[in-house]
2 protein chains.
Amino acid sequence: MTAETRWLTTTEERAWRGLLRMHDLLVNRTGRSMQDEFGLSATDYTVLAELTRAPDGRLRIQELSRVLEWEKSRVSHHLTRMVRRGLVSREECEDDRRGAFVVVTAEGRAAIAAAAPRHVEDVRRYFLDHLTPGQITLLAEIADVVVEKNVSGREAAP
Amino acid sequence: MTAETRWLTTTEERAWRGLLRMHDLLVNRTGRSMQDEFGLSATDYTVLAELTRAPDGRLRIQELSRVLEWEKSRVSHHLTRMVRRGLVSREECEDDRRGAFVVVTAEGRAAIAAAAPRHVEDVRRYFLDHLTPGQITLLAEIADVVVEKNVSGREAAP
DNA sequence: GCCAGATATATGACGTGTCAACTAACGTCG
DNA sequence: CGACGTTAGTTGACACGTCATATATCTGGC
């Protein structure tokens with residue numbers, strides 16, 4: 001006994017499909033630069049960004065999992081690959097012997113330092129440069145609202 | 001001789017990271033419904049949507065590749081999996097013996113017909129319902145601009 | 001001190017995406 | 001006709017993500 005479906009209006013569909021298409025385009029364009037020119041995937045980049053922002057370039061794996069909002073197994077698999085390529089390394093945790101740290105290697109720091117300026121340029125070239133400051137603000141607000149509504153009540157319930 | 005990098009302002013970063021986060025949340029939420037309740041991935045859904053919209057539920061594979069903007073090999077791999085699950089089938093092409101058609105099966109039609117109302121509800125629940133009509137229009141415009149600027153000059157150059 | 005959960009991480013299987021290489025059929029220009 | 005470049009589609013290898021499961025350690029009663 002489902003009520004009649006309220007299909008999407010033209011504008012609603014334009015917003016939804018446009019969001020998906022815009023996202024894919026931007027991810028492809030920015031990702032290709034990073035991959036082709038610096039050998040980093042977008043995910044490598046975010047992992048390195050979190051690590052270099054942390055004191056001593058070290059984080060507990062659970063901590064990384066939390067800030068990135070990635071499943072633990074995803075983090076584990078990804079770190080295995082990054083370790084293999086010399087971007088990070090694992091370290092034991094003295095306090096909690098179950099636990100482990102990830103640490104950026106010198107090579108990892110070099111990689112993200114090299115890639116970061118180009119990445120920011122790409123974000124401007126493919127995305128921000130086509131929008132007015134007003135549109136950028138609007139989009140930031142839209143994203144904040146949607147994220148907040150979807151996240152509250154699922155994690156850290158009051 | 002690179003100029004100094006113009007790093008992102010707070011708002012710019014909020015827009016960029018917010019876009020990525022919002023997208024991931026929405027894709028996860030809507031994807032999980034479809035997967036758990038109807039056994040379809042988001043990509044299955046879009047393939048079936050294109051096919052059911054086409055006359056006779058048939059499309060040349062190249063045509064599908066073009067409208068979805070997917071690499072040929074991606075299409076091919078995905079169709080192989082969908083065929084295995086009985087959602088679509090391949091047919092030979094008489095006119096051009098290199099070519100092939102994909103056709104939705106009855107099962108495929110049933111699957112998307114069952115999933116569509118729920119999908120639309122999800123798009124509303126997780127996304128549209130949290131925004132004002134003005135914001136939805138704004139977002140549609142933003143997506144259109146960004147997509148248009150990134151696509152023109154790469155395909156179908158004037 | 002010990003045992004029953006809970007917690008931190010790793011692993012294997014499998015679906016998905018990309019890239020490069022391959023097969024087969026078209027089209028054309030001599 | 002026949003060699004040649006192009007087009008349609010497939011395939012295999014490999015990177016990535018998710019799920020279920022395994023292993024080791026911690027923690028809180030008793």
Side-chain angles (χ1 to χ4, degrees), chain A residues 20 23-25 27-36 38-47 58-103, chain B residues 20 23-25 27-36 38-47 58-103:
Chain A
L20 299 181
H23 175 271
D24 281 8
L25 269 169
V27 164
N28 284 339
R29 297 265 191 272
T30 59
R32 191 164 311 277
S33 292
M34 287 211 345
Q35 187 64 269
D36 292 353
F38 305 99
L40 295 180
S41 67
T43 44
D44 296 336
Y45 187 92
T46 59
V47 168
R58 294 157 47 87
L59 278 178
R60 275 295 295 270
I61 290 181
Q62 56 170 345
E63 204 31 34
L64 186 60
S65 177
R66 210 178 47 74
V67 293
L68 295 179
E69 297 175 276
W70 286 6
E71 305 217 345
K72 292 166 189 297
S73 68
R74 178 180 180 184
V75 176
S76 189
H77 281 304
H78 204 83
L79 291 181
T80 299
R81 294 185 291 258
M82 292 181 77
V83 167
R84 192 188 313 139
R85 289 187 292 143
L87 296 169
V88 301
S89 64
R90 289 188 220 252
E91 275 184 18
E92 288 185 7
C93 177
E94 301 302 324
D95 302 14
D96 186 339
R97 301 282 269 281
R98 295 168 298 184
F101 287 95
V102 216
V103 196
Chain B
L20 299 181
H23 175 270
D24 281 8
L25 269 168
V27 164
N28 284 339
R29 298 265 190 271
T30 58
R32 189 164 312 278
S33 294
M34 287 210 347
Q35 187 64 268
D36 292 353
F38 305 99
L40 295 180
S41 67
T43 43
D44 295 336
Y45 187 92
T46 58
V47 169
R58 297 154 47 85
L59 278 178
R60 277 293 294 271
I61 291 182
Q62 57 171 343
E63 206 29 36
L64 186 60
S65 177
R66 210 178 49 72
V67 292
L68 296 179
E69 297 177 278
W70 286 6
E71 304 217 346
K72 292 166 188 296
S73 68
R74 179 181 181 185
V75 175
S76 188
H77 281 305
H78 203 83
L79 292 181
T80 299
R81 295 185 292 257
M82 291 181 77
V83 167
R84 194 187 313 140
R85 289 187 292 142
L87 297 169
V88 301
S89 64
R90 291 188 220 249
E91 275 184 17
E92 289 186 6
C93 177
E94 301 303 324
D95 302 13
D96 186 340
R97 301 283 269 281
R98 297 167 298 182
F101 287 96
V102 219
V103 195

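Protein chains get the first letters and strands the later ones, always in sequence-line order, with residue 1 at the start of each. All values below were derived from every heavy atom in this structure, side-chain atoms included, with hydrogens, water molecules and symmetry-related copies excluded.
- If you take CG of B/D96 and C1' of D/dT6, they are 12 Å apart, rounded to a whole angstrom.
- Closest-nucleotide positions on DNA chain C for B/T43 and A/T80 were compared, and the one nearer the 5' end corresponds to A/T80.
- When rounded to the nearest whole Å, the span between CZ of A/F101 and C1' of C/dT9 equals 14 Å.
- For A/R66 and C/dA8, the shortest distance from a side-chain N or O to OP1 or OP2 is not below 4.0 Å.
- The nearest whole Å value for the distance from the CD atom in A/E69 to the P atom in D/dG17 is 15 Å.
- Taking atom CH2 of A/W70 as the reference point, atom C1' of D/dC19 lies 17 Å away to the nearest angstrom.
- The aromatic rings of B/H23 and A/H23 sit parallel to each other, their planes meeting at less than 30°, with 60° as the upper class boundary.
- Counting heavy atoms of neighbouring residues, nucleotides and ligands inside a 6.0 Å radius, atom CZ of A/R97 does not exceed 12 of them.
- Whole-Å rounding puts the A/L79 CG to D/dC16 C1' distance at 13 Å.
- Under 4.0 angstrom from either OP1 or OP2 of C/dG17 there lies at least one side-chain N or O belonging to B/R81.
- Look at CG on B/L64: it is 20 Å from P on D/dT7, rounded to the nearest Å.
- A donor-acceptor contact under 3.5 Å is formed by the side chain of B/R98 with the base of D/dT7.
- Each of A/S76 and A/N28 has a nearest nucleotide on DNA chain C; the 5'-most of these lies closest to A/S76.
- Side-chain atoms of A/Y45 and A/T30, non-hydrogen and from C-beta on, never get closer than 4.5 Å to each other.
- For D/dG9, neither phosphate oxygen OP1 nor OP2 lies less than 4.0 angstrom from any side-chain nitrogen or oxygen of B/S65.
- Atom CD in B/E63 sits about 16 Å away from atom P in D/dT7, given to the nearest Å.
- Between A/R97 and A/R74, it is A/R74 whose nearest contact on DNA chain D lies nearer the 5' terminus.
- Looking at every heavy atom in both residues, B/E92 comes nearest to B/F101 through O-CD1, 3.7 Å.
- Taking only side-chain atoms of A/Q62, from C-beta outward, the nucleotide of D/dG17, D/dT10, C/dT9 with the closest atom is C/dT9.
- For D/dT11, neither phosphate oxygen OP1 nor OP2 lies less than 4.0 angstrom from any side-chain nitrogen or oxygen of B/S73.
- Residues A/R74 and A/S65 bring no donor and acceptor atom of their side chains to less than 3.5 Å of each other.
- Proximity of B/R60 to the phosphate of D/dG9: a side-chain N or O atom is located under 4.0 Å from OP1 or OP2.
- Counting heavy atoms from C-beta outward, B/R81 and B/H77 have side chains that approach closer than 4.5 Å.
- Residue A/R90 has a polar side-chain atom (N or O) positioned under 4.0 Å from OP1 or OP2 of C/dA10.
- Side-chain proximity of B/R32 to the nucleotides C/dT18, D/dC16, D/dC19 is greatest for D/dC19.
- Here the P atom of nucleotide C/dA20 and the CD atom of A/Q35 are 11 Å apart, to the nearest Å.
- Residue A/H77 places none of its side-chain N or O atoms closer than 4.0 Å to OP1 or OP2 of D/dT18.
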